[in-house]
Amino acid sequence: MKENIVAVCISGKEEAWSIPEIPFYCHAEGYKDFPHYPPVKTRERIRYLATRRNAAHKRTLELHPNTEHFLSIDSYYLSYAHEIRYLLKEYSNYDAECVLGATNWFSDYSRIPLKLRYWDTWTTPEMRDKRFDYYPRHEGLPEGWESVRGCGGFAAYPRWIWERRGYGVPEPFPEDGNEINYLCQCPGITSYVSLNVKVLRETPKEIRDRTLINRLRTTLKVGTRLGVRRPLISRANETHGLGPEPFQEDILAEPTIRKFNVT
């Protein structure tokens, strides 16, 4: 049983926390606004995020020196109290040390009918083509767990990983991911995502507000034949997850589902 878990968050403001049994620190210092759209995959931005995450973890240990495990959670996911507790239950009950993240999804209205697709495919490319109802069963792992190269935005891991590795810019960049992938590359640890814990992300309004005719064009692949330039996906907010890599078709509308029940 893993104990002494402390939640840590970076944001542009002090965030509320609704799980009193888990200590929480929100790091609001040093916030810098990056362009909302299109997505920014630059060394400058990833160094900035790595620096802020490292500063947040350092301050967390100053406030809570007995911390043994971190729950790194971006501000978008703070309202998912049930999912947070469930992820920590799975993490705590797993005997081996690991990085364990929730899975994040979005409602894709770019085609008809609607589909739910994986959100953070830059950090977790293994989930790029997985369906929402995908449910892995791998020998030696709890049901619903998938081995991945990184899981960001909503993940738990031992303190020693951050102390040994920290956040940084992985190489080659950007092919090898972002600051979260750098942490997960720490020798001696394996990263997983749990399909038992699912959360939804919002969509950038630039894509959310697409017209019905554009969605029909994407469904019928008219844009490809006409050479129409397609928009990229951006993150909903700098302090949230890193967002999906651009698809080869137009994407997204605002999610209609807010919560998922996990059992």
Side-chain angles (χ1 to χ4, degrees), residues 7-13 15 25-61 70-78 99-104 106 118-128 148-157 159 161-187 189-193 199 201-204 206-207 231-247 251:
V8 57
C9 173
I10 61 171
S11 181
K13 62 183 180 67
E15 301 285 353
Y25 171 64
C26 179
H27 189 75
E29 299 176 11
Y31 174 77
K32 181 178 179 181
D33 188 26
F34 277 84
H36 175 75
Y37 182 87
V40 180
K41 291 186 178 181
T42 64
R43 289 182 182 275
E44 177 191 8
R45 176 169 158 270
I46 298 308
R47 286 195 188 102
Y48 155 78
L49 288 170
T51 298
R52 290 198 77 216
R53 292 189 190 280
N54 287 331
H57 282 61
K58 180 180 179 181
R59 181 56 177 158
T60 298
L61 292 181
F70 289 110
L71 168 66
S72 179
I73 183 163
D74 288 340
S75 56
Y76 185 84
Y77 304 113
L78 294 177
V99 180
L100 180 64
T103 56
N104 43 45
F106 65 88
Y118 202 77
W119 172 261
D120 198 353
T121 56
W122 188 20
T123 306
T124 316
E126 296 85 354
M127 293 296 293
R128 187 188 311 277
V148 295
R149 71 174 68 176
C151 44
F154 186 167
Y157 44 85
R159 167 179 173 168
I161 296 177
W162 177 78
E163 291 180 323
R164 181 180 301 179
R165 181 72 172 174
Y167 289 91
V169 181
E171 298 294 346
F173 180 84
E175 294 81 5
D176 216 24
N178 51 59
E179 82 282 1
I180 294 167
N181 295 97
Y182 184 91
L183 178 82
C184 292
Q185 289 172 2
C186 181
I189 201 74
T190 304
S191 299
Y192 306 99
V193 290
V199 292
R201 289 297 307 259
E202 282 187 300
T203 297
E206 294 90 343
I207 301 172
L232 300 177
I233 301 301
S234 78
R235 305 190 319 165
N237 184 279
E238 184 275 323
T239 61
H240 300 155
L242 292 171
E245 280 193 2
F247 288 102
I251 295 269

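Index from 1, following the sequence.
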Colleague: Measure the NZ-CH2 distance between Lys41 and Trp122 for me, rounded to the nearest 0.5 Å.
Modeller: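 One gets 5.5 Å once the value is rounded to the nearest 0.5 Å.
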Colleague: Grab the two heavy atoms, one from Gly150 and one from Asn181, that are nearest each other, plus how far apart they are.
Modeller: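 Reported closest heavy-atom pair: CA-ND2, 3.8 Å.
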Colleague: Considering residues at least two apart in sequence or located in another chain, which fulfil the side chain to side chain donor-acceptor pair (under 3.5 Å) criterion with Glu44?
Modeller: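 Counting only residues at least two positions away or on another chain, Glu44 forms a side chain to side chain donor-acceptor pair (under 3.5 Å) with Lys32.
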Colleague: Using the side chain to side chain contact (heavy atoms under 4.5 Å, CB included) criterion, which residues pair with Glu175? Sequence neighbours excluded.
Modeller: Pro172
Colleague: The criterion is side chain to side chain donor-acceptor pair (under 3.5 Å); which residues satisfy it with Thr103, sequence neighbours excluded?
Modeller: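 Thr103: side chain to side chain donor-acceptor pair (under 3.5 Å) contacts with Trp105.
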Colleague: Just to verify, what does Arg165 make a side chain to side chain contact (heavy atoms under 4.5 Å, CB included) with, not counting sequence neighbours?
Modeller: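 By the side chain to side chain contact (heavy atoms under 4.5 Å, CB included) rule, Arg165 matches Tyr182, Gln185, Cys186.
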Colleague: Considering only heavy atoms from C-beta outward, does the side chain of Trp162 approach that of Thr60 to under 4.5 Å?
Modeller: no
Colleague: In plain terms, say whether Glu179 and Arg45 are close enough for a salt bridge, that is, a side-chain N and a carboxylate O under 4.0 Å apart.
Modeller: no
Colleague: Say whether, by atom type as modelled, one donor and one acceptor occur between the side chain of Arg52 and the main chain of Glu29 under 3.5 angstrom.
Modeller: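 Yes; at least one donor-acceptor contact below 3.5 Å.
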Colleague: Go through the side-chain N and O atoms of Arg201 and Tyr77 and say whether any donor and acceptor fall under 3.5 Å apart.
Modeller: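 Tyr77 and Arg201 do have a side-chain donor-acceptor pair below 3.5 Å.
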Colleague: Which residues pass the side chain to side chain donor-acceptor pair (under 3.5 Å) test with Arg149, not counting sequence neighbours?
Modeller: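 Here no residue qualifies.
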Colleague: When rounded to the nearest 0.5 angstrom, what is the spacing between CZ in Arg53 and OH in Tyr48?
Modeller: 10.0 Å
Colleague: In chain order, what residues pass the side chain to side chain donor-acceptor pair (under 3.5 Å) check against Tyr25, with sequence neighbours excluded?
Modeller: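 Scan of Tyr25 (side chain to side chain donor-acceptor pair (under 3.5 Å), adjacent residues dropped) gives His27.
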Colleague: To the nearest 0.5 Å, what is the distance between OG1 on Thr42 and CZ on Phe173?
Modeller: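 One gets 6.5 Å once the value is rounded to the nearest 0.5 Å.
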Colleague: Run Asn104 and Phe154 through side-chain contact (heavy atoms from CB on, under 4.5 Å) and show every step you take.
Modeller: CA-CA 9 Å; Asn104 43 45; Phe154 186 167; 5.9 Å; no
Colleague: Would you call Glu15-Lys13 a salt bridge at under 4.0 Å N-O?
Modeller: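 So Glu15 pairs with Lys13 through a salt bridge.
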Colleague: On a heavy-atom basis, which atom in Tyr157 and which in Tyr167 lie closest, and how many Å separate them?
Modeller: OH-OH, 2.6 Å
Colleague: Once salt bridge (charged side-chain N to carboxylate O under 4.0 Å, His left out) is applied, do any residues pair with Arg59, and if so which ones, sequence neighbours excluded?
Modeller: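 Glu62.
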Colleague: To the nearest 0.5 Å, how far apart are OG1 in Thr51 and CD1 in Ile46?
Modeller: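 Taking OG1 in Thr51 and CD1 in Ile46, the distance rounds to 11.0 Å.
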